[in-house]
Amino acid sequence: NVSSRAAELLKKLESDTGTVFPLASGRSEAFKKASEMLASESQVDLAAMARVESLVFAFRETEAFGSGGYFGPRYTKSDGTPYPDFYTMPPNTYQFLKSRAATTANALHRARYHDFVWDKFRDAESGQAAIPAYTEIAMLQAGRGDGNAAFRSIRRACHLARHFRLPQLQYTARDAAVALIERMTTSSTAMYIPRVAEALMGLAATLTPEQHRRLIVVLEQVRASFAKTREYHLERGILKSLRQLHKLGGDEEGERQAWLAEGVSFENEGDYKRRLDGSGGGPEVAAHLYQLALTHFMNMGEAGKLNDLKKKLQEAHSKGPVNFQSFVETLRRSFGSGGTGSQGGSSGERT
């Protein structure tokens, strides 16, 4: 009957950490379906609870980390009202989610419910409880190859740990981020390592000496791998974290070498793109990258690197269109000031 099908669906949702319902929107729709089935059987209380869970998963995780802004509406209706609208949620939402978060065995649900209660109701206890839940689910997400979801989970854990400033919670997020980086090095999710490392840098001061040493070794290995496969924007993402680690360790020469390597990465990418024809390559793209490298070395005061780059830039100019400077300006705007482009998967939906 309808009630048993609804119960089965709720049971499936409770046991699933993202394999069956990998997207938050899909989980929301499943809870909504269960709610509607329960309502059709006049099981009003159970239907209302499933409806709240549906709404909580309907919210979109944003890039805003300020008070109350992390969970935002998924879209805006034609009449201008948001969906979901937090201010129209049932009055018992806080109590219900607080209870669900405390009793569910599903780490994905614990993370979402605790964090929602923190984000919308400023319940510090829930915000702190979300941290270990996020670290647990991040490893599960990485295990099934969902690097984007794992990155976003660990980033949120690190952000919350920095906010609450409780050593044990900071260590929990730190250890999980380090473990996630090491796990990603041997998987298809390696492209997310620069972003996980960036999230970890907010807690870098808490690294143990052994973690600090090991992290530099691992990131150098990953950087070399990205350079070998010509994934230069990922290489530069790693180098930014390496600079911070060397600075934190008081290694001025290591910091300088990482900074220098960023400029070399722009130059190497320019050399590679200059040899390509068609989309994504050619003298125009190469010249833009040479210009970024030139600016980088000028900012460093590396006069010895400038002459060769100027020659490469002039050569690219000679092979480019007549209105070359205008074209370069267009490229600069499209690439952004850093010229690194996007490290795919940095936004979008997660479980």
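This chain uses plain numbering: 1 for the first residue, then up along the sequence. These values consider heavy atoms only, across backbone and side chains, with no hydrogens, waters or symmetry-generated copies.
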In sequence, state the C-alpha distance, the side-chain angles, and the governing distance for Ile137 and Leu140, and then conclude on side-chain contact (heavy atoms from CB on, under 4.5 Å). CA-CA 5 Å; Ile137 196 62; Leu140 292 173; 3.8 Å; yes
Leu215 reachable from Leu248 in the ILVMFWY side-chain graph, under 4.5 Å edges: no
Return yes when atom CE of Met298 has more than 12 non-hydrogen atoms of other residues, nucleotides or ligands closer than 6.0 Å, and no otherwise. no
Is it true that Arg256 and Glu252 have a side-chain N and a carboxylate O under 4.0 angstrom from each other? no
Would you check if Thr81 and Thr88 make a side-chain contact, meaning some heavy-atom pair closer than 4.5 Å? no
Any heavy-atom pair between the side chains of Leu13 and Asp16 that's under 4.5 Å? no
Let's go through Gln211 and Asp175 carefully: what are the C-alpha distance in whole Å and the side-chain angles of both, what is the deciding distance for side chain to side chain donor-acceptor pair (under 3.5 Å) to 0.1 Å, and is it a yes or a no? CA-CA 9 Å; Gln211 284 177 324; Asp175 292 349; 2.9 Å; yes
Would you compute the distance between atom OG of Ser28 and atom CZ of Arg51 and round it to the nearest 0.5 angstrom? 7.5 Å
Would you indicate whether the side-chain heavy atoms of Leu219 and Ile193 approach each other to under 4.5 Å? yes
Just how far is it from atom CG of Leu180 to atom CD1 of Ile154, taken to the nearest 0.5 Å? 5.5 Å
Going from CD1 on Ile216 to CG on Leu245, what distance comes out if it is rounded to the nearest 0.5 angstrom? 5.0 Å
For the atom pair CG (Leu9) and CE (Met37), what is the distance rounded to the nearest 0.5 Å? 5.0 Å
Look up atom CD in Glu53 and atom OH in Tyr113, then write down how far apart they are to the nearest 0.5 Å. 3.5 Å
May I ask you to check whether Phe71 and Phe57 place their ring centers less than 6.0 Å from one another? no
What is the minimum heavy-atom distance between Leu234 and Pro194, and which atoms define it? O-CG, 3.6 Å
Count the heavy atoms belonging to other residues, nucleotides or ligands that lie under 6.0 Å from CG of Asp45, then report whether that count exceeds 12. no
Among Arg100, Arg27, Arg110, whose salt bridge (Lys or Arg N to Asp or Glu O under 4.0 Å) with Glu14 holds? Arg100
Min side-chain heavy-atom separation Met139-Arg183 under 4.5 Å: yes
May I have the step-by-step check of salt bridge (charged side-chain N to carboxylate O under 4.0 Å, His left out) for Glu284 and Lys273, ending in yes or no? CA-CA 9 Å; Glu284 300 92 344; Lys273 293 295 176 71; over 6 Å; no
Check this for me, if you would: do Glu8 and Lys11 make a salt bridge, where the nitrogen-to-carboxylate-oxygen distance has to be below 4.0 angstrom? no
Assess the pair Phe121 and Phe86: is the distance between their ring centroids shorter than 6.0 Å? yes
Just to verify, which of Arg236, Arg230, Arg274, His233 counts as forming a side chain to side chain donor-acceptor pair (under 3.5 Å) with Glu269? Arg236
Would you say the side chain of Arg214 lies within less than 4.5 Å of the side chain of Glu182, judging by non-hydrogen atoms? yes
Any donor and acceptor pair, going by atom type alone, linking the side chain of Ser99 with main-chain N or O of Gln95 inside 3.5 Å? no
Is it possible for you to say whether Tyr87 and Val117 belong to one hydrophobic cluster, with membership spreading through side-chain heavy-atom contacts below 4.5 Å? yes
Report, as yes or no, whether the 6.0 Å neighbourhood of atom NZ on Lys98 holds more than 12 heavy atoms from other residues, nucleotides or ligands. yes
Please report the shortest heavy-atom distance between Glu235 and Ser265, naming the atom on each side. OE1-OG, 2.9 Å
Check the pair Leu313 / His317 against side-chain contact (heavy atoms from CB on, under 4.5 Å), numbers first and verdict last. CA-CA 6 Å; Leu313 190 58; His317 274 226; 4.0 Å; yes
Minimal heavy-atom distance between Ala287 and Ala316, with the atoms involved, is CB-CB, 3.8 Å
NZ/NE/NH1/NH2 to OD/OE distance under 4.0 Å, Glu41 and Arg5: no
With hydrophobic residues grouped by side-chain heavy-atom distances under 4.5 Å, do Tyr290 and Val264 end up in a single group? yes
Output yes when a side-chain donor or acceptor of Thr62 lies under 3.5 Å from a complementary backbone atom of Gly69, and no otherwise. yes
Using the rule given for side chain to side chain donor-acceptor pair (under 3.5 Å), can you reason through Thr104 versus Asn106, listing the C-alpha separation, both sets of side-chain angles and the distance that settles it, and then say yes or no? CA-CA 5 Å; Thr104 180; Asn106 188 321; 5.5 Å; no
Between the side chain of Thr172 and the main-chain N/O of Gln168, is any donor-acceptor distance below 3.5 Å? yes
Check: Met49 and Leu38 side chains under 4.5 Å, non-hydrogen atoms: no
Step-by-step salt bridge (charged side-chain N to carboxylate O under 4.0 Å, His left out) determination, Lys312 to Glu315: CA-CA 5 Å; Lys312 290 181 179 181; Glu315 182 180 349; over 6 Å; no
Checking ring-ring contact (aromatic ring centres under 6.0 Å, His included) between Tyr70 and each of Tyr134, Phe65, Phe59, Phe116, which is the one that passes? Phe65
Counting C-beta onward and ignoring hydrogens, is there a side-chain heavy-atom pair between Trp259 and Leu239 closer than 4.5 Å? no
Within the 3.5 Å criterion, strictly below it, is a donor on Glu231 or Thr229 matched to an acceptor on the partner's side chain? yes
Arg74 side chain vs Ala58 backbone, donor-acceptor pair below 3.5 Å: yes
Could you tell me the separation between the CD atom of Gln128 and the CH2 atom of Trp118, rounded to the nearest 0.5 Å? 8.5 Å
Under a 3.5 Å distance rule, please check whether Ser225 uses its side chain to pair with a backbone N or O of Gln221 as donor and acceptor. no
Should Arg122 and Asp119 count as side-chain neighbours, where that means a heavy-atom distance under 4.5 Å? yes
Let me check something: do Val56 and Leu46 share a hydrophobic cluster, defined by ILVMFWY side-chain heavy atoms less than 4.5 Å apart, either directly or through other members? yes
Grab the two heavy atoms, one from Gln43 and one from Ser3, that are nearest each other, plus how far apart they are. NE2-OG, 2.6 Å
Cluster check Met201, Phe226: I/L/V/M/F/W/Y, side chain < 4.5 angstrom: yes
Between the side chains of Arg112 and Glu61, is the shortest nitrogen-to-carboxylate-oxygen separation below 4.0 Å, so that they form an ion pair? yes
Minimum heavy-atom separation for Ser54 and Lys32, please, with both atom names. OG-CB, 3.4 Å
Looking only at heavy atoms, the pair that brings Arg162 and Leu203 closest together is CG-CD2, 3.5 Å
With side-chain contact (heavy atoms from CB on, under 4.5 Å) as the test, would you mind laying out the steps for Phe151 and Asp146 before giving the verdict? CA-CA 9 Å; Phe151 149 66; Asp146 193 343; over 6 Å; no
Let me see the working for Glu262 and Arg243 under side-chain contact (heavy atoms from CB on, under 4.5 Å), right down to the final yes or no. CA-CA 10 Å; Glu262 286 184 58; Arg243 280 178 60 189; 2.8 Å; yes
